[in-house]
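Numbering of residues begins at 1 and proceeds along the displayed sequence.
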Amino acid sequence: RLEKAEGTSDFYSGWEGRNDAYTEALRNLVLITARKSLSSKPLLIEGDILLKGNPIFSVGAGRHYCMIEGYVNITEVITYD
């Protein structure tokens, strides 16, 4: 299922902030997908991410923003049990 996610980071961190925003966007993409298929918070999720198009970066209100669109294939879930 195609999902959208966004990540942010502080602008004062320079170009590294873009990488932080991108990493947070990927994390949020996995979390959005996991919430729809899992009932409890897992310890570890393994799988694949396929992005559709390129990440979209922007700057506003002193923050870097990164928007991505993609598919997540969860192959293994390790729970706290």
CD-NZ distance between E3 and K52, expressed to the nearest 0.5 angstrom: 12.5 Å
Would you tabulate the side-chain donor-acceptor contacts of residues 66-79 under 3.5 Å, counting partners in other chains and residues two or more places apart, or write 'none'?
unit_1 : atom_1 : unit_2 : atom_2 : d
T75    : OG1    : E46    : O      : 3.1

Which donor-acceptor pairs under 3.5 Å do the side chains of residues 55-65 make with protein atoms, sequence neighbours left out?
unit_1 : atom_1 : unit_2 : atom_2 : d
R63    : NH1    : D10    : OD1    : 2.6
R63    : NH2    : T8     : OG1    : 3.1
H64    : NE2    : G14    : O      : 3.1

List the atom pairs, with distances to 0.1 Å, where a side-chain N or O of residues 17-30 and a protein N or O form a donor-acceptor pair under 3.5 Å, not counting sequence neighbours.
unit_1 : atom_1 : unit_2 : atom_2 : d
T23    : OG1    : N19    : O      : 2.9
N28    : ND2    : E6     : O      : 2.8
N28    : ND2    : E24    : O      : 3.3

task: Would you indicate whether Y80, at its atom OH, is surrounded by more than 12 heavy atoms from other residues, nucleotides or ligands within a distance under 6.0 Å?
output: yes
